[in-house]
Every structure is written in C-alpha cells, then in structure tokens.
There are 2 protein chains.
Amino acid sequence: MTDDISQKLSRMILEGELSAGEQLPTEQSLAESFGVARTVIREAISRLKHDGLVDSRQGVGAFIAEPSARSAFRISPACFEKRQKLLEILQLRTGITSEAAGLAAVHRTDADLQFMDTAYDSMERSLSGGDAAAEKHVLAERSFYQRIAEASGNQYILEFLSMLDTRIDMELRSVAMKNARVTEWSAEVLAEHKAVLEAIRAQDETAASQAVRYHYSLAAQRLADRADLADT
Amino acid sequence: MTDDISQKLSRMILEGELSAGEQLPTEQSLAESFGVARTVIREAISRLKHDGLVDSRQGVGAFIAEPSARSAFRISPACFEKRQKLLEILQLRTGITSEAAGLAAVHRTDADLQFMDTAYDSMERSLSGGDAAAEKHVLAERSFYQRIAEASGNQYILEFLSMLDTRIDMELRSVAMKNARVTEWSAEVLAEHKAVLEAIRAQDETAASQAVRYHYSLAAQRLADRADLADT
DNA sequence: TAAAAACAGGTTGTCAGACAACAAGAGGAC
DNA sequence: GTCCTCTTGTTGTCTGACAACCTGTTTTTA
C-alpha cells in the first residue's frame, strides 16, 4: 500500500502538478484522503525525502524540493511504453556503454577478454532456433555488455548499466517488446557486436567506443522503424 | 535518525557485509539494537525496499536482494573523498555529457545556442578576479553544460546530469575541492569549452562529442596530477 | 509605545502497544 | 504416511499518545 502512495505522490511531483516550494498537505490529512494510517503516509514521504523530492521541517511541514535537489536517479515504469521515451533511454545507454567500451579497451585483462569471448560465442550459438534460443540470445547479449562494463574498471558505470538493464528487462516483457527484440536477433546485428569485441581485443579505445555508438545508432533506427509501439 | 539508520544499513549491503539472499534481523531486534522504535526501522527499511536493496515478505522476513535488482542509482557521499572514485564519477559524466553534446549538435535550436553563448560569456567574464569570480565561474560552467543537456532534447540525460552536478556541488565544498576547481579556472580550459560550443554551433555531432571527451580527459589528467587528495 | 516574554495551536518526529495477514513448522488425528 | 489443525513468529497496518519544534498571538514589562 505504501508503494502505491509513494508512487502516486512522486508522479504528482514529477509531472509537475505540485511545483517546487509548495507545501504538501499534512500527514494527517493525507492519511484521511488516502484512507490509511499516518504510519503508511510517513513511510511514503520518507522515501520521497530520501530521493530529494520533498524536504520536511519539523513543526512546519513538508515542501516540494527544487528539481536540482534530486539525489537519486530512477526510471519510472510508465516510460517504457512510449517509443520516444524508449529512444531516450537508448541514448542514455549509448553514452555510458560507449564510454565503458573505450575504458574496457584500455583496461581489459586477458581474463576479461575470455569472459567476453564466452558471452559472444553464446550469442552466436543462439542465433538460430526457437523462442528458447531467442531468450538465450537476450541473456547472452546482456552478459556481453555487462562483461564490458566490468572490464572498464569503473564501479559506477557497472552499477548504472546493471540498473538500466534490469529495469528494461523488468518492464519490457510485453509482447510488443519480445517482438522488438527479435529485430536485434540476426547475423547482421551480431556483426555489430563483433566489431565491439575486436576493438576491445585490439585495445583500440576509439574504435571500441565508435563500434558501440554505431551499434546503438542502428538499434535506434530499427526501433524507430517498428510500427507496433505507441507514439503517444 | 531514520536517515542515519537507512544509510548504515545500505552501506552494510553495498559494502558486501551482508550477502544476497541473507535474511535481515527482525524489525524488533533491529529496533532494540539501534535503540529506536520499530517505526523508525520500518521507514529505513522502506527506503531500502524502494531502492531494490532488500525484499520483504509478510510473515517471513526481509532479505537482501540480488545486486541486479537495484531500481535506483545514487552516489554515496563518502565516494567524493577518494581520488579514484572521483575519477570514476568523472568518467561516468564524460560518457553522458559527450552523448548530450552530440545530440545537442543535432537538435539544437537558435534559442538553445543563445543560452549557451550567454553561459559561455559568463565563464569568460569571470576568468579573472577574486573568489567571487571563481564561484561565478563554477556556476557558469555548470549552467553551460546544463544548457547542452537541455538542448539534447533527452529528459533522462538532463535529469541524470543535473543529479550528478548537484551531488558534486553538495559534497565537494571542502577546501581541497575548491582548490581543485581553481585548476579548471584558466584560459586554457576555457578554450576546451569553446571547442564544444563551436562544434554545437556548427551542428557537427562528432566534433561536439569529441570536444567534450577531450575536455574531460584533460580534466581527469589535471585531477590525477593533484597531490592534495587522499588516495585511499 | 515598543520590545520582550509567555502562551496557544499546529506539524513533524518518535514511542508504545495492539491486532490483522501471512508463512512455516510442530504435533496430533485418521 | 498423509492430512489437518495449532502454534509461533514476522511483517503490515492501525491507534493513541507525547516530545520537539515552529509560527503567530497575546500578555507582560521596560
């Protein structure tokens, strides 16, 4: 129940229904209007405070914080259904992943490379087959780029990409998305991944970064060309 | 008080003192060991749940979640004191900002450019002077890159960079950091920003992205050369 | 008259206790 | 041996209370 309320409140704030500096209703009135006890409201507001969405002062009240005061980054589930939002998430991922690949090219060890080879082989092997192979391919692809993130030696990049992939996996299990992923399941796309792998093997920072960028630009193109996603 | 406890618990989890799948102590025992009421513990755990750090089941208990289940990205304040962590944050920022600049080069409007020019002029004007000018320069620089993020047309990039800059501003107000920033306050560094601006003006995606990457690689170098930061 | 002090009301922060909802295991009935 | 019930423990929610704190008002005092 507290999940619902914190989600509703944060949506109100993020959508701009409540503007910065404005005062929230008191905990008691919120409890009454939501039909729950004050403890539940408190837990919800506590979450908002932790994310830097609101700021409360004892004896006064809780106020909407400045947008510049956010202390956490999260992607709301609703964003995965709109094509435009999906493309923007893809762009965000492009920036981080290309940076990760460049760093991986520099810092990779032979062990890192071996892990990447294994993941790549798994992608290659699951190139033909039924749904099971497609599922396997998705997992292998995720593993491939996670290995790259690990090889970058940057903890934050690893955490961020891991979080992003998890969110995408969680939310994009709809049928439309399963289909969208099939378009990423071809020999042509595999060649794009191969270019990344070889650039990292050759320890060519620029080439690795560029190869990732190239892959994602084509992936964005493929996503934009699809007709089965809502545009609103 | 709930801030402290949630921070302590999340640190325990992130540092790996508690491994995934492990069960947390019961709320009652946590309340006793921390010397607070159960409501405080509940608010703290509620935050951890929201971040995907723990997962609780009614009637059973709360368990440490898999690292892949994280649903939010945040940077702990402690990370700003170690040079290595600072460099990693800089790398993260490099990836996003270079992506933002590339997108801005493509999507920028004349109004966007005008804002960037204003911010750049402000940087240029505050190149000489006392501490006030240095402070002004920092603000102008932040504004400059924020304009770029806005011009990218990508909401997530804007939010992410804004969050990152806020965190950096909040945490790096120490003396050591003030000094570190002075090294970014020179005509040479300004020229690096100028290159970014001109590439965006010319709508040259690759050049803009490269210019950002170049600036940050030199900034990382300058940071690495500094001797007044702890290495642990 | 003006400043200072006490008061009153409201809000958040914390505490204590209780009960409902739920899960897992123990023990007995068949 | 299998099923059922019972017990126990934990989380989720509710309720009431009080402390800590802020704000505006009123009263007192210089």
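These numbers come from a predicted model, not from an experiment. Values reported hereafter were calculated over all heavy atoms of this structure, with side chains retained and with hydrogens, waters and symmetry mates removed. Per chain, numbering begins at 1; letters A, B, ... match sequence-line order.
For the helix from C:dT1-D:dA30 to C:dC30-D:dG1, the end axes, each set by the C1' atoms of five terminal pairs, are bent relative to each other by 20° (nearest 10°).
The residue among A:V60 and A:V40 whose nearest nucleotide of DNA chain D lies closer to the 5′ end is A:V40.
Regarding A:D3, its CG atom lies at a distance of 16 Å from the P atom of D:dT11, rounded to whole Å. Rounded to a whole Å, the CZ atom of A:R42 is 17 Å from the P atom of D:dT15.
Considering B:K85, B:Q91, B:Q84 in turn, B:Q91 is the only one that fulfils the side chain to side chain donor-acceptor pair (under 3.5 Å) rule with A:N154.
Between A:D3 and A:R47, at least one side-chain N (NZ, or NE/NH1/NH2) sits under 4.0 Å from a carboxylate O, which counts as a salt bridge.
Heavy-atom distances under 4.0 Å link DNA chain D to no residue of residues 22-30 of chain A.
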All N/O contacts under 3.5 Å from nucleotides 16-19 of chain D to the protein, with atom names and distances to one decimal?
residue, atom, partner, partner atom, Å
D:dA17, N6, A:R38, NH2, 3.4

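Residue contacts shown for A:R57 are limited to sugar-phosphate atoms, with no base heavy atom under 4.0 Å away.
The footprint of chain B on DNA chain C, defined by a heavy-atom cutoff below 4.0 Å, extends from C:dT14 to C:dA23.
When the side chain to side chain donor-acceptor pair (under 3.5 Å) test is applied to A:S98, the partners found at least two apart in sequence or on another chain are A:R213. Under the rule for a side chain to side chain donor-acceptor pair (under 3.5 Å), the partners of B:R42 that lie at least two apart in sequence or sit in another chain are A:E43, B:E27.
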